[in-house]
Each structure stands twice: as C-alpha cells, then as structure tokens.
Amino acid sequence: MSILSGFSSDEITQLTDTPGAVITAVTVADGRPGILTMHRTSARIATVFRAARQDENELIRAVALAMQDRPEEPEEHESVTDLLYPDPEREAARAVEAVVTSIALLRNRAARADVDEYAAWLVGLASQIAEVTTKRGGLFGRRARTSPPEHAFIDRLRAAVSD
C-alpha cells in the first residue's frame, strides 16, 4: 500500500505537479533559456528523478513514481507567447503557491518527517537545476554558480517551506 493511497487523485496531482512548477520557475528565472540550458536541465531532471524513485523517504519515492506513471498531458499555457517569452515572476509565484499548497496538504496528512523531507527535496531540486541553468565560471568553467534571480527564487522557496 502506497503512502499516497490516502490521498485523492486531485491531491496526488497537486503533489506531483509541484516539482514541475519548481523546475519551470528556476529554469526561467533568468528569462528564456537557450537550447543548451534546456539540454542540461533535462539531463539533471532525469538524474534527480532517477534518484528520487529510489529515495529512502517513502513519500518522495511515491511522488516520483506517481510522476513517472501518470499519463502525459500537455501543460496549459495562456498562449504560445508564454512558451516563447516566459514570465519569470509569474512562474516563481506559481511555484511558490504550489509548494505552499502541497506543504499545507501534507502537514494535515503526513508525518512531520515526511513533510520536512518533501520540503527539503523541493528546495534541493531547485538548487540542483539552478546549478546547470547558470553560466559556468571559474577556471575552465568548472564552477557553477547560481544567478541572483535563481538565488532569490530559492530563498523564496526556503521561506515558503519554513512557514
């Protein structure tokens, strides 16, 4: 029996949509990403979710597996312009709202440790994606650094999960 079996399909959708909202927000924090950034982001997402499907925490593992098992549905965007010219602030606000809603849902239904682990996983997810979406600096381009907009978004996530 999955840890998610006590949740409705809408609640599961909420929990599984939230990581995607976080990924989108951090990816577009600096504006429209280029093709190389999208490639790096996709590779990092695959790595992160492969690890999440084997995570020690049952909730994170269940959410990652539920994301993998759900049918693919196209994301709803207001227009093609939203895809070509994303609004970083709107995406950040959407992600923070999703995180707050998911955390509130879990606080009422899951163990405190699971809530804390899920929250930390979401913040870690944003941090890991930010590492690959930012231009590399340092000697031979080996040191990744997050940009000020990415850092600000991650700080907003941290504040949202700590409330």
Side-chain angles (χ1 to χ4, degrees), residues 7 10-53 55 57 59-60 62-64 66-68 70 72-110 114-137 143-163:
F7 292 88
D10 286 344
E11 291 168 333
I12 292 170
T13 298
Q14 173 65 42
L15 295 172
T16 58
D17 282 353
T18 298
V22 168
I23 290 167
T24 299
V26 77
T27 301
V28 302
D30 289 325
R32 191 173 118 204
I35 191 73
L36 184 56
T37 296
M38 292 305 294
H39 176 71
R40 286 183 187 145
T41 300
S42 295
R44 181 61 59 99
I45 291 168
T47 300
V48 167
F49 282 99
R50 191 173 17 257
R53 288 190 302 267
D55 198 277
N57 182 279
L59 176 62
I60 293 171
V63 167
M67 290 174 72
Q68 173 185 315
R70 71 182 182 180
E72 287 202 29
E73 297 175 13
E75 286 190 38
E76 293 181 28
H77 286 273
E78 293 177 20
S79 69
V80 172
T81 304
D82 290 342
L83 295 172
L84 296 175
Y85 305 101
D87 180 345
E89 181 52 39
R90 183 187 65 225
E91 295 300 335
R94 183 175 151 253
V96 169
E97 180 182 343
V99 167
V100 167
T101 302
S102 291
I103 296 299
L105 172 65
L106 289 172
R107 282 193 175 129
N108 294 325
R109 310 272 290 286
D114 287 334
V115 176
D116 292 345
E117 287 286 326
Y118 181 78
W121 178 63
L122 292 173
V123 173
L125 176 61
S127 297
Q128 290 182 57
I129 299 303
E131 288 175 4
V132 298
T133 61
T134 303
K135 301 254 188 260
R136 302 203 183 275
R143 195 182 88 209
R145 53 196 154 90
T146 58
S147 68
E150 290 167 333
H151 190 72
F153 172 67
I154 294 167
D155 285 346
R156 283 176 69 180
L157 279 184
R158 281 191 184 106
V161 301
S162 66
D163 289 342

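Computed over heavy atoms, backbone and side chain alike; hydrogens, waters and symmetry mates excluded. Since we're looking at a predicted model, the values are computed, not measured.
Looking at residues two or more places apart in sequence or on another chain, you find no salt bridge (Lys or Arg N to Asp or Glu O under 4.0 Å) involving Arg53. Under the salt bridge (Lys or Arg N to Asp or Glu O under 4.0 Å) criterion, Arg107 pairs with no residue, sequence neighbours left out. Residues satisfying the side-chain hydrogen bond (donor to acceptor under 3.5 Å, both in side chains) criterion with Asn57, sequence neighbours excluded, are Asp114.
Scanning both residues, Glu117 and Ile60, for their nearest heavy atoms gives O-CD1, 3.5 Å. Nearest heavy atom pair, residue Gln128 against residue Arg44, reads O-NH1, 3.1 Å. Closest approach of Pro88 and Val28 over heavy atoms only: CG-O, 3.2 Å. Across Leu157 and Ala126, no two heavy atoms sit closer than the pair CD1-CB, 3.6 Å. The nearest pair of heavy atoms linking Ser162 to Ala159 is OG-O, 3.1 Å. Considering every non-hydrogen atom in both Ala160 and Val96, the closest pair reads CB-CG1, 4.0 Å.
Put simply, the side chain of Pro148 does not reach to within 4.5 Å of the side chain of Phe153, judged on heavy atoms. Within the 4.5 Å cutoff, the side chain of Val63 has heavy atoms near those of the Trp121 side chain.
To the nearest 0.5 Å, atoms CD1 (Ile154) and OG1 (Thr146) are separated by 5.5 Å. Here CZ of Phe7 is found 5.0 Å from CG of Leu106. Values are rounded to the nearest 0.5 Å. The structure places CD of Glu150 at 10.0 Å from CD of Glu131, a figure rounded to the nearest 0.5 Å. Note that CD1 of Ile103 and CG of Asn108 are 11.5 Å apart. Values are rounded to the nearest 0.5 Å.
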Test Glu89 against Arg156 for salt bridge (charged side-chain N to carboxylate O under 4.0 Å, His left out), laying out the working first. CA-CA 11 Å; Glu89 181 52 39; Arg156 283 176 69 180; 3.0 Å; yes
Before giving the answer on side chain to side chain contact (heavy atoms under 4.5 Å, CB included), spell out for Ser127 and His151 the whole-Å C-alpha distance, their side-chain angles and the decisive distance to 0.1 Å. CA-CA 8 Å; Ser127 297; His151 190 72; over 6 Å; no
Chi angles and distances behind the side chain to side chain contact (heavy atoms under 4.5 Å, CB included) call for Ile45, Leu125: CA-CA 8 Å; Ile45 291 168; Leu125 176 61; 5.7 Å; no
Please test Phe49 against Met67 for side chain to side chain contact (heavy atoms under 4.5 Å, CB included), starting from the C-alpha separation and ending with a verdict. CA-CA 9 Å; Phe49 282 99; Met67 290 174 72; 3.5 Å; yes
Test salt bridge (charged side-chain N to carboxylate O under 4.0 Å, His left out) on Glu91 and Arg94; report intermediate values, then the result. CA-CA 5 Å; Glu91 295 300 335; Arg94 183 175 151 253; 2.9 Å; yes
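In this structure a side-chain-to-backbone donor-acceptor pair under 3.5 Å is missing from Asp55 to Ala51. Remark: the backbone N or O of Ala21 is not paired with any side-chain donor or acceptor of Thr24 at under 3.5 angstrom.
For the side-chain contact (heavy atoms from CB on, under 4.5 Å) test with Leu105, the passing option among Val115, Val100, Leu15 is Leu15; the others fail. The side chain to side chain donor-acceptor pair (under 3.5 Å) test with Gln14 is passed by exactly one of Asp10, Asp17, Thr18: Thr18.
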